[in-house]
Amino acid sequence: MISSHENTECRVCSVQLSIHQRLKGICDNVECRRKDVPYQGAIRRREIQKNIRNRVPAAWNDNSTITLLPYNSAVLQPLEQPRRELFEIYLAKVVKAAFAHNLTGAAPSQETSAPVNGTTPEQAQLPVLGQACGLCGGHCCNTGGTSAWLETASIERVLSHHPDFVQQGAEQLTAHYLSFLPTVSNAGSCVFHASEGCNLPKELRSNVCNQFICNGLADLVNKLPDSTSSSIVASVSNLSIERVALMTRTEIIAENGTLLKVKQIN
Ligand SMILES: [Zn+2]
C-alpha cells in the first residue's frame, strides 16, 4: 500500500507532484513515463508471484522458483469456412511450388527460423517443456493464422523425408494436410489450433512452430538446471492466474495433487 506521503513525489524522479499528478504517483515528464513502464511491470510480476505463493500448497514453496507463462484465453468454436478456404488456397500454392522445386532435384530450401530466447537445441528438447506448453494452451499459436507458418521450404522438407508423398502427388499431399484441420478450433488462432493443441503431426508442422521457444519456456529451462531443481509454473492472463503446476525435469504435480511423469513431447 502506497502511503499518501509517498504519493506527493514522482516515483521516478522524486519531484513534488501537483494534486492531479498525485493520483497517479508520477509527474508529466516523458522520460519518467518511459522509465515507469518496466517499473510497473516489475511491480505487477512481484504481486503475481506473491499471489501464486499464497495459492499453492505450502510444501511447493520450500525450494521452488516461480516461472510465469502466458495463457491462451481464446474460446473454442467451429473452424469458420472462410478461414478454412483461405488456408486451402494458401496451402495449394506452397505445395505446388514445393513439388516444382522437388522436380529440379535441388535440396530443400532453408526454412524460416524462430526465436529460441537463448536456449540451446539440447535444452529445447527438455521433455517438461511440452507439458509447460500445455499449461499455457498455445498463446503463441494465434500467429499461425491461416498459413500455420507453412512455407514452400516446409513442404520441400516434408517431401525430402517422404518419397511416398512425392509419388502420390500434390493434390494428395494437400488433402493429407487438410485432413488434420479440426472441426473445433481456437477462435482467431491458427487453423490447426484445436482444443488439445496443434492438430498437425510434428513432422508436418512448420520449422517456426517446431523451433519457437517463448520467453517463459526459456526462463523455465534456466530454472531447472538439474534433477533436484523445481519450479512453480503458472500461466497468467493479465493479472489473473489461470493454471499452476509444480514441475521438475521428470515430474509434474498439478494443483489438485495429481502426479504426472513427464512424457516425451511430440
Ligand atoms: Zn518524474
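Just so you know, these numbers use all the heavy atoms, side chains as well, and skip hydrogens, waters and symmetry mates. Numbering starts at 1 and runs along the sequence shown. Being a predicted model, the structure only gives us computed values, none of them experimental.
Residue Phe212 is not grouped with residue Leu69 when hydrophobic side chains (ILVMFWY) are merged at heavy-atom distances under 4.5 angstrom, including chains of intermediate members. Taking hydrophobic clusters as Ile, Leu, Val, Met, Phe, Trp and Tyr residues chained together by side-chain heavy-atom distances below 4.5 Å, Leu68 shares a cluster with Val56. No continuous path of hydrophobic side-chain contacts links Val15 to Leu23 [ILVMFWY only; heavy atoms under 4.5 Å]. Hydrophobic clustering of Ile, Leu, Val, Met, Phe, Trp and Tyr side chains at less than 4.5 Å, counting indirect connections, unites Ile48 with Ile66.
The local environment of CD in Gln81 is crowded, with over 12 non-hydrogen atoms from other residues, nucleotides or ligands closer than 6.0 Å. Residue Lys96 places its NZ atom among 12 or fewer non-hydrogen atoms of other residues, nucleotides or ligands, all under 6.0 Å distant. Surrounding CG of Asp226 are more than 12 heavy atoms belonging to other residues, nucleotides or ligands, all under 6.0 Å away.
Residue Tyr90 is found in a hydrophobic cluster whose other members, listed by chain and number, are Leu79, Phe87, Leu91, Val94, Val95, Phe99, Leu150, Ile155, Val158, Leu159, Phe165, Val166, Leu173, Tyr177, Leu178, Phe180, Leu181, Val191, Phe192, Leu200, Leu204; membership requires side-chain heavy atoms under 4.5 Å apart, directly or through intermediates. Here Trp149 sits in one hydrophobic cluster together with Val208; the rule is ILVMFWY side chains under 4.5 Å apart, joined directly or through other members.
In this structure the side chain of Met247 never reaches within 4.5 angstrom of the side chain of Lys223, judged on heavy atoms. Put simply, the side chain of Asn210 reaches to within 4.5 Å of the side chain of Lys202, judged on heavy atoms. In this structure, the side chains of Ser64 and Ser231 stay at 4.5 Å or more apart for every pair of heavy atoms. Val75 places none of its side-chain heavy atoms less than 4.5 Å from the side chain of Asn186. Here the side chains of Thr112 and Asn207 are not in contact, with every heavy-atom distance at 4.5 Å or above. Contact of the Gln40 side chain with the Arg11 side chain is registered, since non-hydrogen atoms from C-beta on lie closer than 4.5 Å.
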Worksheet item: Could you walk me through whether Glu242 and Ser240 pass the side-chain hydrogen bond (donor to acceptor under 3.5 Å, both in side chains) check?
Response: CA-CA 6 Å; Glu242 302 291 344; Ser240 145; 2.8 Å; yes
Fill in: Derivation of the side chain to side chain contact (heavy atoms under 4.5 Å, CB included) call for Cys198 and Arg205
CA-CA 9 Å; Cys198 183; Arg205 293 179 202 164; 3.4 Å; yes
Item to complete: Would you sort out whether His139 and Tyr71 count as a side chain to side chain contact (heavy atoms under 4.5 Å, CB included), showing the intermediate values?
Response: CA-CA 6 Å; His139 182 75; Tyr71 178 71; over 6 Å; no
Discussion item. Could you walk me through whether His176 and Gln168 satisfy the side-chain hydrogen bond (donor to acceptor under 3.5 Å, both in side chains) test, starting with their C-alpha distance in whole Å, then the side-chain angles of each, then the deciding distance to 0.1 Å, before giving a yes or no?
Written reply: CA-CA 11 Å; His176 186 55; Gln168 290 160 8; over 6 Å; no
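Closest non-hydrogen pair, Asn117 versus Cys214, comes out as ND2-C, 3.5 Å. Shortest non-hydrogen contact noted between Cys32 and Cys27 is SG-SG, 3.6 Å. Of all non-hydrogen atoms in Ile252 and Ala245, the two that sit nearest each other are CG2-CB, 3.9 Å. The minimum heavy-atom distance linking Gly25 with Leu17 is given by the pair C-CD1, 3.6 Å. In this structure, Pro182 and Ser185 approach most closely via the heavy-atom pair CG-CB, 4.0 Å.
Taking the charged nitrogens against the carboxylate oxygens, Arg243 and Glu255 have no contact shorter than 4.0 Å, which rules out a salt bridge. Between Arg44 and Glu47 there is no salt bridge, since no side-chain N of the basic residue sits under 4.0 Å from a carboxylate O of the acidic one.
Taking Arg33 as the reference, Asp28 meet the salt bridge (Lys or Arg N to Asp or Glu O under 4.0 Å) condition, with sequence neighbours excluded.
Checking each of Val221, Leu129, Leu220 against Ile213 for a side chain to side chain contact (heavy atoms under 4.5 Å, CB included) leaves exactly one that passes, namely Leu129.
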